[in-house]
Amino acid sequence: MVVMDTQKLLCSVLCCFLLSILSGRQQAVQGHHHHVPSNIRPLKLFVFGDSYADTGNTNKTQVAWKYPYGINFPGKPAGRFSDGRVLTDYVAKFLGLKSPIPYEGWKSSSCGIPLLKSGVNFAYGGTGVFDTFFSGPNMTIQIDSLEHLLRDNAFTAKDLELSVSFVSLAGNDHFTYLRTNGSAHEGLQSFIRTVVNQLAINLKRIHGLGVKKIGVTGLEPWGSCLIPYITDTSSFQQCNDTYSSLVSFHNLLLKQAVEKLNNETKDSPFFIIDLYASFTSALKNEGSIKFENPPLKPCCLGVSSEYFCGSLDENGAKKYTICENPKSAFFWDVAHPSQEGWRAVYSALQANLEQYFHYY
Ligand SMILES: *[C@@H]1O[C@H](CO)[C@@H](O)[C@H](O)[C@H]1NC(C)=O
Ligand SMILES: *[C@@H]1O[C@H](CO)[C@@H](O)[C@H](O)[C@H]1NC(C)=O
Ligand SMILES: *[C@@H]1O[C@H](CO)[C@@H](O)[C@H](O)[C@H]1NC(C)=O
Ligand SMILES: *[C@@H]1O[C@H](CO)[C@@H](O)[C@H](O)[C@H]1NC(C)=O
Ligand SMILES: *[C@@H]1O[C@H](CO)[C@@H](O)[C@H](O)[C@H]1NC(C)=O
């Protein structure tokens, strides 16, 4: 009995030690260029959403845990849908925080509260506000998880008083709908309404739990370059415009919903993180970070439409190619920016973040 307990204790101490090293490694974003003065820095960051924000919540059967994901950071596959850092890491850097620990890894360890020091990342690749074609906890379930932590007193009211939230919705709901019903379906517009309504409910709920400032992504520009599952015209020369009206409609509704939420609340806690403008600016090479032509071509690409980045055939031979220099590509795979792509998006977003993520 004692022996078992000692073993258990030793194991959990060791696990926690390893986990803290690992998360420390994951969290280190070079430099300490805080844009928020440290005395008024938010204490915690709570992250919800999908693969644009996930830093390691999907289970290890998923592609983000396979080579060559993560090769540039943390140096091996570790659950980010990129060759390196994703937007969450840059938002955390902006706030002067370490990138918060992925909830799933934390939950399956027995490490307790200390590792939640900079907040928690609940974002799970492939998810949406509703259940999607991919599996994983939808945003409601992700918010439930924060609620459980609060019930277990993982955070105090004071923690929450200076907390902020980053919510990513890149379009898995829309993708799921289009895949089943097609773009011509008359229900598409009303479906987008239900997505934005549910998103607004979620934002309000996060605020209701005590989080003070909440940034939510608008949809990035879509096209054949981003969603080749929908259309197989993959010249990567230009985005297919078919879905641009879908994206504009979503972004318009989101803008109205956020305005309404702010009207109903003191201090205007909600704001939109404009991925449409920032992706567009980065892809047009407008910033200081330049991408090679054609900027829409992903660095890591399946050798044919049956394959995707990270696929192997039954003999274990790789069925994808990687570009020579991932820093030259905005997109890492067909759906996700590379680390350098995210860095360019972050750079285009700085003014946006400075305007809203300032503190009192
Ligand atoms: C979220 O997932 C849960 C569990 O699968 C499900 O019961 C619930 O209806 C989903 N919520 C939404 C808004 O789709
Ligand atoms: C891991 O994720 C896959 C795909 O989402 C799912 O089918 C599988 O059941 C999950 N496995 C575990 C152990 O959670
Ligand atoms: C397809 O459209 C129908 C009718 O509008 C809707 O009930 C269903 O949920 C849609 N499918 C998906 C996957 O959203
Ligand atoms: C764009 O996508 C739509 C829908 O899949 C397709 O019908 C159309 O041919 C594509 N256009 C171009 C220019 O690739
Ligand atoms: C928010 O309030 C402003 C000023 O009162 C008003 O002009 C605007 O129409 C409101 N917006 C929404 C979406 O309710």
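Order of appearance sets the numbers: ligands from 1, and atoms from 1 within every ligand.
Annotation: N263 places an N or O atom under 3.5 Å from an N or O atom of ligand 5; distance criterion only.
Listed by number with element, the atoms of ligand 3 under 4.0 Å from a non-hydrogen atom of T180 are 13 (C). Of all atoms in ligand 5, listed by their number and element, those nearer than 4.0 Å to a heavy atom of Q256 are 13 (C).
Classified by interplanar angle (parallel below 30°, tilted 30° to 60°, perpendicular above 60°), the ring pair F48/F122 is parallel. By the 30° and 60° cut-offs, the orientation of the rings of Y69 relative to F81 is perpendicular. Taking the six-membered ring where tryptophan is involved, the planes of F271 and Y356 are essentially parallel, since the angle between them stays under 30° and well short of 60°.
Panel note: side chain N57, backbone A123; a donor-acceptor pair is recorded below 3.5 Å.
Two rings, from F46 and F155, have their centers less than 6.0 Å apart. Between Y52 and W342, the gap from one ring centroid to the other is short of 6.0 Å.
Counting only residues at least two apart or in different chains, salt bridge (charged side-chain N to carboxylate O under 4.0 Å, His left out) contacts with residues 115-132 are absent.
Residues lining ligand 1 at a heavy-atom distance below 4.0 Å are given as V129, F130, D131, N138, T140, I141, Q198, ordered by chain and residue number.
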